[in-house]
Amino acid sequence: MALAGRVTALLPLAGAVATAVALTGAAFFTVAHAGCEDSGRFVQREDGAVEFVGGCLDGHDLPTAPEPVDSARYDVKP
């Protein structure tokens, strides 16, 4: 009976580990088959900052930030 209690207590842990392994495998599979020839790399600049260089994404591929607009002012009456 004590063995059954131990096994029952370990089932949630085993399920969590199995889920973590499956998600990690899916992430590696996705990255490996992303279709990007240059995966990019991190380079430390002279000022000590770390910069991501390369990769498949270009700055022109990103959407531009919307133009700022003036906030509408509303009269608030208690």
Side-chain angles (χ1 to χ4, degrees):
M1 190 67 162
L3 179 63
R6 289 181 192 162
V7 171
T8 304
L10 289 178
L11 281 178
L13 177 64
V17 169
T19 302
V21 168
L23 289 174
T24 302
F28 276 105
F29 179 79
T30 302
V31 170
H33 293 88
C36 181
E37 294 176 10
D38 180 18
S39 60
R41 64 193 179 284
F42 289 99
V43 177
Q44 189 168 7
R45 297 189 311 206
E46 293 174 1
D47 61 354
V50 177
E51 182 179 14
F52 186 73
V53 177
C56 294
L57 191 61
D58 187 11
H60 300 290
D61 296 333
L62 300 173
T64 58
E67 294 293 325
V69 295
D70 292 331
S71 298
R73 296 183 181 246
Y74 297 101
D75 291 331
V76 178
K77 297 180 183 177

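Only this structure's heavy atoms are used, side chains among them; waters, hydrogens and symmetry mates stay out.
- Two different hydrophobic clusters hold V43 and V50 under the rule that ILVMFWY side chains link at heavy-atom gaps under 4.5 Å.
- In this structure, F29 places its CZ atom where only 12 or fewer heavy-atom neighbours from other residues, nucleotides or ligands lie under 6.0 Å away.
- Follow the hydrophobic side-chain contacts under 4.5 Å out from V21 and you reach L10 in the same cluster.
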